[in-house]
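Contents: one structure, followed by commentary.
Heads up: numbering here begins at 1 and tracks the sequence.
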Amino acid sequence: MKRFADISIRHKVALLILIITFVIFAAVSLGFTYFDVTNFREQLANEVRVASDITAANTDAALVSGNKAAAAETLETLSSLPFVLRAAVYANDGELFAEFSRPGVQKPPSRLSLIPGTHVDENSLGIASPIISNETQIGVIYLEASTHELYQRIWFRLRLVALMLAIALPLSLILGLRLQRVVTAPILELSHATRKISHDHTFSVRTKKIGDDEIGQLVDEFNNMLEQIAQRDAKLQLHREELEQVVLERTRELTEANSELRKAKEQAEKASEIKSQFVANITHELRTPLNGILGMATLALETEHSEELDEYLKTIDNSSRTLLDLINDVLDFSKIEAGKLEINLTKFNLKDFVDKLVKPFAFQADFKGLDFTVAVADNTPREVEADIVRLRQVLTNLVGNAIKFTSKGEVKIEISQLSLNNDRAWLKFVISDSGIGIPKHRQDEIFDAFSQADGSVTRRFGGTGLGLAISLQLIDLMGGEIEVKSSPGEGSIFTCTVPVRVVDQHRLKQPAASIANGNSVSKASVQIAGNGSLRVLVAEDNPINQRVAVKLLQKAGFHTAVVSSGVDALDAVKNETFDIVLMDVQMPEMDGFQATEEIRKFEGESGREPIPIIAVTAHAMKGYRERCITAGMNDYLSKPIDYKELVATIEKHAANEAAKSRTSPQTA
């Protein structure tokens with residue numbers, strides 16, 4: 001069975017009219033019936049009461065005299081009243097005195113058990129009234145009337161109501177069906193329009209107006225709403241088309257811009273790669289002749305010569321090393337720009353580090369007549385872990401600048417510990433001088449690349465202007481900070497704070513020895529004992545570098561053999577016995593990488609013990625050492641070759657090989 005909510009509105013209207021008609025008609029009919037029955041009942045009760053009063057008045061004498069026959073005759077007169085069923089007179093003691101009853105009706109009870117008043121049961125209406133004589137009750141008269149006519153009247157009324165409902169309901173249904181057409185037709189039209197709009201998604205539908213009543217106004221408003229929606233959709237469609245056109249245009253522009261940016265990025269990356277390769281090639285080409293200059297200058301300084309020649313050689317050596325520093329600055333700056341510079345942590349003794357750092361500067365300060373002092377606070381840890389190479393580079397730059405720009409007065413280095421948290425500490429390095437100073441408006445610029453405090457052509461001091469820029473970048477990479485305080489003519493104070501890991505938390509018991517005027521520092525001499533039993537193969541195509549390498553090795557007491565290509569190096573290793581191979585990376589016919597690969601392959605096939613191969617190259621870009629080690633080489637030296645580093649590296653690998661020989665099992 002359908003729910004009322006699911007029935008169509010036209011049927012709802014008809015059903016509601018039918019229900020309302022039924023309820024109203026039934027209520028009115030029942031109201032009239034109730035009124036008629038109640039009125040009839042009261043009328044019957046009044047008639048019975050009047051008859052009872054008259055009979056009581058006519059029987060009081062008979063009751064006083066005890067004449068029962070007279071009382072019975074009086075009661076017989078009630079037979080003329082059709083509604084009276086029975087009647088009785090009772091004495092004050094409740095005994096029956098006289099009685100009357102119609103045929104077929106039960107006689108009155110022999111004793112009165114009713115209380116005076118009106119008594120109604122299912123089929124009768126009884127009234128008990130007192131009999132008064134001389135204002136004294138002498139008995140009770142009881143009269144009982146039939147209610148049969150009352151119920152007949154009720155049933156008649158009900159049948160009449162039912163008949164009238166049977167006639168009225170169909171008429172109301174017909175009237176409701178006709179009326180609902182007038183009421184529901186516009187609503188059904190609106191419903192049909194909304195369904196069409198919902199299904200077809202079109203707002204061009206319009207509803208027909210039938211009248212000017214509230215529903216007609218609703219239809220007008222509905223049509224106006226559809227018109228506004230249609231106009232809005234038309235505008236939205238126009239805006240959508242315009243927006244799509246704009247998006248297409250912007251997308252095309254963005255695509256073209258992205259393509260241009262991609263090309264620019266590729267060009268920039270290619271240019272950066274070309275620049276990096278150019279820097280690597282330039283540094284390689286510059287380091288190669290510098291290797292010969294510095295090597296020969298080192299050898300010449302160790303030979304006997306005149307004082308004048310000694311001055312010339314020192315000038316050559318110093319100038320070459322200055323040029324090498326400039327090359328290293330350019331190379332480091334290129335690495336930093338390319339993002340290829342990394343921090344490598346190393347454990348080292350802080351006091352030894354400081355001692356080695358300040359020795360070269362002590363000579364320079366003494367030569368210029370400056371007071372040069374170093375003070376290390378006693379709270380400084382003994383051994384720390386940091387990037388010793390980059391820390392030395394920063395401090396060397398700052399101390400070198402302090403001496404360089406100070407003509408008289410002093411240069412001072414102060415080292416202390418700022419804080420310690422577990423094994424993490426902050427070290428503070430303060431380099432102060434009494435030199436020319438830096439104007440305040442130029443103090444931020446000195447850390448820019450290629451910038452100096454005095455950038456004029458006639459400046460008194462040289463340099464590339466990269467030193468402080470590199471120092472700032474290195475300090476940032478190490479997680480530290482650098483700042484400067486300076487006034488023109490009063491000197492400068494550079495402060496660096498660097499985080500380190502404390503390896504040995506014992507403090508220096510005394511500050512590091514101060515160095516004044518360079519008098520306490522003597523020239524370091526190279527004292528490395530050569531091992532005459534070592535045979536070193538030098539694979540180098542440059543004649544000058546061949547000569548430098550041979551002279552340096554012979555000076556250390558090593559036996560040498562020289563080849564000019566990787567092919568010759570492979571043949572030499574196959575046919576002779578060597579303890580060490582110094583392998584240049586760039587050589588004709590077969591480069592150092594290929595030669596190393598072939599040597600390792602030969603050793604694997606022949607069962608020979610691998611010979612230590614040390615790469616010697618002017619390439620110093622990031623990753624080159626790792627590339628050499630990956631290619632099968634054991635170590636890496638960059639040109640220009642440092643004499644002490646060369647000899648120490650050879651002896652280290654020779655000692656390793658000797659240790660292997662002592663621990664390996666004896667063969668028959």
Side-chain angles (χ1 to χ4, degrees), residues 314-315 317-319 321-326 328-329 353-377 391-416 428-448 450-472 474-475 482-498 511-523:
K314 286 181 179 180
T315 301
D317 185 72
N318 290 334
S319 299
R321 295 188 184 279
T322 300
L323 180 59
L324 181 60
D325 290 339
L326 295 177
N328 288 335
D329 282 347
F353 167 76
V354 174
D355 289 342
K356 293 179 181 178
L357 173 72
V358 302
K359 280 184 179 181
F361 296 112
F363 292 113
Q364 299 178 30
D366 183 54
F367 179 79
K368 297 183 71 172
L370 304 175
D371 290 333
F372 182 68
T373 58
V374 180
V376 182
L391 182 59
R392 181 188 297 114
Q393 186 175 354
V394 172
L395 296 177
T396 297
N397 201 327
L398 296 178
V399 177
N401 281 348
I403 294 175
K404 176 181 179 180
F405 294 107
T406 303
S407 301
K408 61 180 180 178
E410 67 171 354
V411 173
K412 186 177 182 180
I413 303 174
E414 298 174 279
I415 304 173
S416 61
K428 179 180 179 181
F429 299 87
V430 181
I431 296 91
S432 57
D433 62 67
S434 58
I436 62 175
I438 306 169
K440 189 170 184 61
H441 68 280
R442 300 299 302 273
Q443 291 179 12
D444 292 334
E445 299 177 5
I446 60 174
F447 292 103
D448 296 335
F450 311 108
S451 177
Q452 293 179 319
D454 181 8
S456 64
V457 178
T458 59
R459 58 192 173 92
R460 292 185 293 154
F461 306 99
T464 60
L466 291 175
L468 289 178
I470 293 173
S471 298
L472 176 62
L474 294 178
I475 288 293
I482 184 171
E483 62 179 17
V484 60
K485 294 181 181 179
S486 182
S487 298
E490 297 181 7
S492 304
I493 300 176
F494 284 85
T495 302
C496 296
T497 54
V498 180
S514 296
I515 304 172
N517 294 327
N519 295 329
S520 61
V521 180
S522 61
K523 180 181 177 182

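Taking each heavy atom of Lys368 and Lys404 in turn, the nearest pair found is NZ-O, 3.4 Å. Contact between Leu370 and Lys408 at its shortest, heavy atoms only, is CD2-CA, 3.6 Å. Of all the heavy atoms in Ser434 and Gly409, the pair that sits closest is OG-CA, 3.3 Å. Here the shortest heavy-atom pairing between Ser486 and Ser492 reads OG-OG, 2.8 Å. When every heavy atom of Lys412 is checked against every heavy atom of Thr373, the shortest pair comes out as CG-OG1, 3.2 Å. The two residues Pro488 and Ile438 make their nearest non-hydrogen contact at CD-O, 3.8 Å.
Residues Leu398 and Ile482 are in side-chain contact: their nearest non-hydrogen atoms beyond the backbone lie under 4.5 Å apart. Residues Phe353 and Leu391 are in side-chain contact: their nearest non-hydrogen atoms beyond the backbone lie under 4.5 Å apart. With contacts defined as side-chain heavy-atom distances shorter than 4.5 Å, the pair Phe429/Leu395 qualifies.
Evaluated for a side chain to side chain contact (heavy atoms under 4.5 Å, CB included) with Thr406, the options Asp433, Asn401, Asp371 yield exactly one hit, Asp433.
Rounded to the nearest 0.5 angstrom, Lys485 NZ and Glu490 CD are separated by 13.5 Å.
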